[in-house]
Every structure is written in C-alpha cells, then in structure tokens.
Amino acid sequence: MNYKDTIHLPSTGFPMRARLPEREPEILKFWQEASIYKRMIDARKSGETYILHDGPPYSNGNIHMGLALNKIVKDFVIKYRSMNGYFAPYVPGWDNHGMPIENNVLDEFRKGGIEIDRLAVRKRCREYAKRFVDIQREEFKRLGVLGEWDNAYFTMSPLYESEILRIFAKLVQRGYIYRDLRPIHWCTTCQTALADAEIEYKEKRSHSIWIRFPLHQDPDGIFGGDKEGSYAIVWTTTPWTIPANLAVTVRPDFEYYVVKKGSERYLIAKALFRETAKELGWKEEEIKIVKRVRGDELANLVFRHPIFDRPSPVLEGDFVTADQGTGIVHTAPGHGEDDFRIGKQYGLRILSPVDEEGRFTSQAGERFAGLDLQRGNEEVLAALTEAGNLLKQDVFEHQYPYCWRCHSPLIFRTTPQWFMNVDHEGHREKALAEIEKVKWVPSESYERIKAAIQTRPDWCLSRQRFWGVGIPAFYCNDCGEAILDADLVNRTADLVKEHSADFWFQPDVMKHYQDVACPKCGSKDLRPEEDILDVWFDSSCSSLIVCRNWEGLRWPVDLFLEGPDQHRGWFNVSLMTGLGAEDTTPYSTVVTNGWVVDHEGKAMHKSLGNYISTKDIVDHYGADVLRLWVASSEFTRDVRVSQEILDRVIDAYRKIRNTLRFLLGNLADFDSEHRIEVEKLPPLERYILHELHKLIAKVRDGFDSFAYHHAFQAIYNFCSVTLSSFYLDVLKDTLYTRAKNSERRRAAQTVMAEALDKLIRVLAPLASFTAEESYRSSPLEKTEESVFLLSFPKVNPELEDRELAYEFSQLLTVRDEVLKALESERSAGNLKASIDARVNLAAKNEALANLLRKYEPQLAELFIVSQVDLVTWDETPEASRKDSLAIAVRKPKGEKCVRCWLWSESVGGHQDHPEICDKCYEAITDDQT
RNA sequence: GGGCCUAUAGCUCAGUUGGUUAGAGCGCACGCCUGAUAAGCGUGAGGUCGGUAGUUCGACUCUACCUAGGCCCA
C-alpha cells in the first residue's frame, strides 16, 4: 500500500510565489469595484470620529519615496482606526498653485513664442496641475492607499479659492493684515521679483572694500572721550548699498578691540583683528590695543555715515559672524534680509533708493540719482575717497545670486508687500501656548515647532506671480492709497466661487466694483492689485476649508502627519491661520515622518545616482514590499532605502507569506464545527494562544503609538520563530499523519485557524494586498467581503497563561539543548534526521526534572524525535552532562514506521498493515470510517 | 554660522531610572530534510555600542568637544 496517499498534506490555492506586480492590480480592481473604501468607512458611521487631515502634495512630477512613505503611513492610520470602529474618512488633496507649475508653463509659452497673457497662462497652469493630479492619484492608489480619490480637494478649485479669500477676509477684518516694504531678490534685467527657488548661485567677482565710520556719539566713553579720529571699520562687497546705510551691527557676545594707530582709534572685532590689520597693511609696531569690550557694551555708540552727514547707530545682531569682514556689519535695511529684519526690530526706516531698472533714485542723494549700479559703485567709491573714509579697495570672489532666467546678478531691493502681523494681539504667544497642548510625535518635534514659531518673521503674503489666488485689494489711481477691505474681499470670494480665481484677472474686473471709492480721497478711479497670495496661505487654509466643507469631517482635526520640513511650513502656517481666523489650533496630534535617504544616510538625488523610485519598487516587487519597508522602518527618523534593505524586506515578505500559506493549506479540511474549546486544548496549543495574545498586545501597542516597526517585528518574529520554526514544525506529524478528525489534529487546527485569522487582520493595514489575498483564499468561514470590514484583533486576557508560558520557556530551553545535542550527532555523521533519534534526558535539579516528567508524553513531539526517555541524573554518563542537563542521543527502539517515519515498537503489530505503527493504524482506520 | 535630530552586529530594530559575559529577527557560513519544495529545519560565526576627552567604584546609557549624516534657518 502506498501510505503517502493516506497522509494529509497541505492544500491551498494561495500560491507560494506572490507575483505581486501582476496580482496586486486585480485586488485593486476588486477594492474599487466593490467600493471597499466607502464600505469600510460607512460600516463605522456610528463610531467615534477620527480625522486625519491630508497635507496636500504639490501637483508636479511623479511621486517619490518621501511622498509614498507619507501616504502609506497615513493609510496605516486610517485602516487601523477603521478596523477599530472609528469613523475615519480620508480625503486626500493637492496643492496646485505656485511657481514650479507657473515656470514650466511660462517656459512652454516662451519656447512656443506664445504671448504671455495672465489668463492664458493661468488656464494652462490649471491644465498642467490637473494632469499631474491624475498621474499622482493613480500612483497613490497603486500603493493600496484607500481614500476618497474621487472626492479629493484641490487648492485650485473655485470653492477652495473662494474659501481662501473668506479666511483672508477674516484676518483682514481682525486687523492682522498690513502693507509694508520688504527687501526681495530683484532682477534688474527682467524687472521682476524672484523667489528663492528661482535663484542660482554662481561665483562672482565683486568689490571688496574696507571703510570707516567716524564716531558721532559715545556716551559710555568707549573710545576714551576722543570723538575726533575715532572710527568703526566696516567691510562690504556692495559699495552701491552705502547710500542706503542706516546703521552698523555688532554681535553682542563677541569681544571687540579699540585699536590705536597713530592718533586714530579704530573699533574692530577681536576675532577678525589680525586679518583686518594685515589687509590694511598695519604694522605690529604702529598699533596698540587700548581697550577690550564686549559687543553688548557698544549699544549706545552712534557713528556717522561715511559719506552723508547723518547718524549710523550701533545695533546688536546675532547674524554677525567672524568668517569675514570686521565683526561690524554695514546695515542697509532696504538691501538685505538680515538688515531688513534688524532694521524693523530697531524701528529704522527702510531706505531703498534703487528703481526697477537698477538706477539710483533721488533718495540716494543728488550725486548718485540716475546712475546705474555699475556706475553707482564707482561714484560711491569716489565719494568715500573724497570723504577720506575708504581704507582699502580690492576684489573678492564669492557665491552670488543670479537670475536663473537671464543670468544677470540680482540685487536686494525693497518693494511694498502685504503681511500678516504674527504679533497682532499676542498672536505669537497664543500660538506658543497652543503648541504645548498638542501631542508631537516624536516629542522633539515640539522643540522644532517652538523654535520655528518663536523666530518666524511676519508672514509676507504677497507674491508677484500669476498662478495663484489674487489678493483682492485696490489702488487709488489718484492718491495712491492701497485699499484692503474685508467686505470687498468677501464680495470677491462670492464671485471667485462662481468663476474661479481667474475672475480677478479679467481685464474688466473693475466693473464689478464700480461702487467702491477710495476711503482717503473719495476717488472712484481704482485699479486691482496684481499680486497673488503666497501659496503657503492656500495650504494653510486646507484643514479649515476641507474639514468644514466636506461631509462627515470636522474641524479641528485629530491628526496632521507630514515631513520634517513642515515645522516651518504647513504645521506652522496652518496654526497661524487657524488661530488667526478661528482662535483654534487645527490639530491635536502632529506626527512627523523622516526623510527618505540612501544606504549611507545621504539624501537621494537623481544626479547623485542614489535615487530609488517608487515606481521601480512597485513594478519589480509590488506595493506590499514598499508598504512593509515602511512598516519595518522607524519612520519618524530618517528612513534608509537600498537594494539590500529591500532584499531583507522581500525575505520578510516571503516568510510571512509562506507562513500564511502553510496555515491556509493545513486548514483545507477544517470548519468551525471542528473547533475545540479552549479549555480542552492541549498545553502546547494553549501556550501558542498565549503567545498569540501577547503578539496582539504588542501589535496594538505599536499601532497606537505610531511605532509600526514594533508591530512589524513582532509579527515577523511570531511567524518566523513561534510558528514556522517551532509550532508548525512540531505540528507536521500531527497534521499529516493523525486521523483527520482526531482531537489532537483538530486542536492544532483550532489554534492555526485562530492564528491565521489574527495574522490576516493585523497584517491588513500593513501588507494590505497580501492580507486581502490570503483572506480570499482562506477556507475559514468569512463574515465580510474584505479584510478592511473586519475588526482589528483585541487583546483577550483570558488567553493569557503566565504559568504555562513559564513552563514552556523552560521546555524550550531544554529543547534548544536537545537540538544542539542532535546537531553534534549529525555533524559526527551518526544521525541525519532528528526523527531517527531517541533522546535520553535527565535534569540535575528537582524542579526541572518534575517539569519534564509532567510533560513527558509531549517531549518527543516537541523535540521532533521518535522517543524521549527520562532517566535519573545518576544514570547519565559524565560525557552527556552539560550544566544541569544530561542529554544522550540513541538509536530508537522498534522499527521505523513507513507511514509517519517515526520509530516505534508497535510497528509490526498489525497483520493487515505490518509496516506501520499503532498511531498510523488508528489514523487509517479512523479516516476510513 | 544657528536651531532641532540621528549614529548599537552586513540589514532592520530592542536595550527600562548608568551596574554581572550588549539582545532579537533576518542575512551570511556550514549542515540536515525532500510529506510547506524557486519551500522547511538545525548549528555557528559576526558588534565594545561613530570618535576623543571627562564625570563615576562602574557608562551603550550622563557631560563636553569632534566626525559623518538629515531637515530647517542663515
């Protein structure tokens, strides 16, 4: 008889080879056609609401690893919450306005020789954005991210645009918005403002001049009372900004020297004294340090402008460095970022005497008015020389900003802009108090947002661009007054809702505002503002707009989850508008995901050749591999990705998949009616249930604290160690050779069914495709059509059995020792398979000996050997003893059963089946009835 | 230059308030099985905790500095 036909080998349609790239799209199709997202959400309608508000990615280019990571984690959150009974709808969105798209479109227009017309550009930008939304939406869906993809939000939708204006109106009405000058990078050739991203830095040869500022006031006697012949030395590379000089800045924590040279005294930072002296050709013997003083003691000094007769006071600023110059910095608030900020801080006026073409205006003084900057530089040098204040003139090579389009050097120039006053009515303090109440994950994230809010300047809301929401302000053509009125903004919002923000840019837009008059002079000759709102303002409104206009959502929300750059970005601006417009913080928890970096921890760049694309991973290995990579990583820190890392994830995937497959295959003949009650299960089975209970506790803990990698490792270890290498290996004999309906086999299947069910559920948010696939292949009774409609496993304390677990931990330690003994026999060539062994076992201490005796009938099974004989310690040969155990490997008694391959003295006891053992005989007999 | 952060075996991660020979899984090497088979099992070898200097009876765990890297700001 061929006994092989009588054993119960696993059987399942769940294939070993995943072939995810082909299989996943089918599952995707099922989710889509069966409206699984909608059903997942609807099924929990009565549950507690949990809102994760999606930060909108920019609709340009394909998605990259960072975006994939972010969306996958969000998907973990949504699926986990849903499976726990929360009503957790997910409305994804996109950020559409802004420069990258506008620039690409402008390039198209230029290359095509198309006339650049605002409305035409905007139309094309809209199409462009839509195209990439469609691309990215498909890419996100392919990752298995479930959400309202057909109900997503777009910052360029008319509704959204109009709502932006309503929030803006509220800020206007509450007095947050003001108009002021601000220095920006300006291209004098293109005659336009440039954003940071439009600047390229190149080497430039500039002037390098050392000049002196004569002392004007010295109330603290820093220079010892001699006003005449006392100076501060200043270094600069832009002589043309000298006419705009209004101050000099020192660093409060630097040490400064007053140096005497002949009859003159010079102020200079200690750290830069030597180099400066060398540059100026001062000889050791002719100079003498007459005073040392800290920067913060210089606060009351006032110098005189080196050309004009006007004061230039000393300010204290931390931006002063000791890299270059003299530690005393020429400060022209109209021509530099630092200069501007400190100028505002000290209440200086903003002087920017340069026009759009880069010519001095009359504000620069009669001598310079009308000169371009080239000639202006020369004339300033001449004026400095005449005044006797030019100490040295040289050339200097440094990195300098250039226009990316026309490649001419840029200048800083001030222009009027709209701002949000971040300190309006204690707004900043309120924000700082609010962030203390928010839960930040990881917790250090709080330090970052705090620093970002403490140091953030007023928010410049206006941009001189085309692709965005126009600021509905007016200018009086008669008196020049700027008019910004909340009611008019709201009125514009109504029109934008109907016509989109394009409305504002129509040539005849003013016909809608014929009733509006200049509040200053009464004139009705007005023109519309041409600037648009900063796109950060668009996205800062997203939580308010989306969560108040989409059905089922609510504001404020439970969770924001974005990359670390958003501390200064979206987390920050959302708080600014939320608090400004509604006195409410938009979020209660903020989770930050790390940056995706290469195997060395370096940022990935296509140009560096270390770039890995999500598409490649999905196409080669499947989305579940990408998802498990996310799940295996500590995603709140920077996350590494490399071929080796992916290879390990693929290994893990295979192990998990094969474990599921083995469970599925061995449950083919198992139905719920075969289930054995927990109390009747053998100890091994109850121990595995205890371990399963522990696994669920760990997994829940991981999910609850956004530590998915802990959940993943627990699952992986459970599959690999508890199941595959221990429990399932031990079980093979039972499963294959016992009678199908034997209680021992059904007990094993009961536990396997339980493990399979729980594994599928805990895997569902992580390896969604594989969880769904295995659920569909499962022979167990199905209550739902999709895994996402199932509940997430809860901790069941009744399955916990610490005493049993302790006993098994002892038994497993003994097992390890037995396996070592078997291995040494194997390497000595005395043994091949462990089932061909008999083990003689003795424990030195009484407690362990008792335990072994208690489990004696199970030991052979646990060790996967044919027989175990417990003997007394004294009987054991010295050589077999190791520590407190004695293990000897022997030849089994009896004969090898041809059916189960175990040795038994019962083989030969049945005449009708002379080659098999009792156990197999019973199995065959039982199976036949 | 500043702020925040990271640095434990080839990889991904654990390491509680500083305290015996630093853990896990995977990978790797060697071997077994051929009734999970492009699977399964076993055994074993790999870190002195980025570096340096301190504090301490004692530090992966505290302090300082340095190096490398990340995000942001300048």
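Residue numbering restarts at 1 for every chain, and letters A, B, ... go by the order of the sequence lines. Because the structure is predicted, anything quoted here is derived from the model rather than measured.
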(request) Mind checking side chain to side chain donor-acceptor pair (under 3.5 Å) for A/Arg661 and listing every partner two or more places apart, or none if nothing turns up? (result)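 Expected list: none.
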
(message) Going by side chain to side chain donor-acceptor pair (under 3.5 Å), name the residues that satisfy it together with A/Trp459, two or more places apart in sequence or in a different chain.
(response) A/Asp534

Set out, line by line, the N/O atom pairs under 3.5 Å between protein and nucleotides 62-67 of chain B.
none

All N/O donor-acceptor pairs, side-chain side in residues 813-825 of chain A, below 3.5 Å, sequence neighbours left out:
from: A/Thr813; atom 1: OG1; to: A/Ser809; atom 2: O; distance (Å): 2.7
from: A/Arg815; atom 1: NE; to: A/Leu862; atom 2: O; distance (Å): 2.6
from: A/Glu817; atom 1: OE1; to: A/Lys882; atom 2: NZ; distance (Å): 3.0
from: A/Glu823; atom 1: OE1; to: A/Arg826; atom 2: NE; distance (Å): 3.2
from: A/Glu823; atom 1: OE1; to: A/Arg826; atom 2: NH2; distance (Å): 3.3
from: A/Ser824; atom 1: OG; to: A/Ala821; atom 2: O; distance (Å): 3.1
from: A/Glu825; atom 1: OE1; to: A/Asn830; atom 2: ND2; distance (Å): 3.1

What N/O pairs connect the protein and nucleotides 25-31 of chain B at under 3.5 Å? Give each pair on its own line.
from: B/G25; atom 1: O4'; to: A/Asn717; atom 2: OD1; distance (Å): 3.1
from: B/C26; atom 1: OP1; to: A/Ser720; atom 2: OG; distance (Å): 3.2
from: B/G27; atom 1: O4'; to: A/Arg648; atom 2: NE; distance (Å): 3.4

Quick one: salt bridge (Lys or Arg N to Asp or Glu O under 4.0 Å) partners of [X], sequence neighbours excluded?
{"X": "A/Asp598", "answer": "none"}
{"X": "A/Lys655", "answer": "none"}
{"X": "A/Lys270", "answer": "A/Glu255"}
{"X": "A/Arg341", "answer": "A/Asp338"}

(message) Taking any heavy-atom pair under 4.0 Å as a contact, classify A/Ser724: base, sugar-phosphate, or nothing.
(response) base

(request) Please work out if A/Trp901 contacts a base, only the sugar-phosphate, or nothing of the nucleic acid, heavy-atom cut-off 4.0 Å. (result)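 Base: the residue A/Trp901, judged by heavy atoms under 4.0 Å, touches a nucleobase.
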
Measure [atom1]/[X] against [atom2]/[N] and give the value in whole Å, please.
{"X": "A/Tyr653", "N": "B/U12", "atom1": "OH", "atom2": "P", "result": "22 Å"}
{"X": "A/Ile453", "N": "B/C72", "atom1": "CD1", "atom2": "P", "result": "17 Å"}
{"X": "A/Phe662", "N": "B/U37", "atom1": "CZ", "atom2": "C1'", "result": "13 Å"}

For nucleotides 1-5 of chain B, give me every protein contact, N/O to N/O, under 3.5 Å, one pair per line with atom names.
from: B/G3; atom 1: N2; to: A/Arg448; atom 2: NH2; distance (Å): 3.4

(request) Just grab all the ring pair (Phe, Tyr, Trp, His ring centres under 6.0 Å) pairs involving residues 712-732 of chain A, residues at least two apart or on different chains. (result) A/Phe712-A/Tyr716

(request) Toss me the dot-bracket line for RNA chain B: Watson-Crick and G-U wobble, both under 3.5 Å, 5' to 3', using | for pairs to another strand and [ ] for crossers. (result) (((((((..((((.....[...)))).(((((.......))))).....(((((..]....)))))))))))).

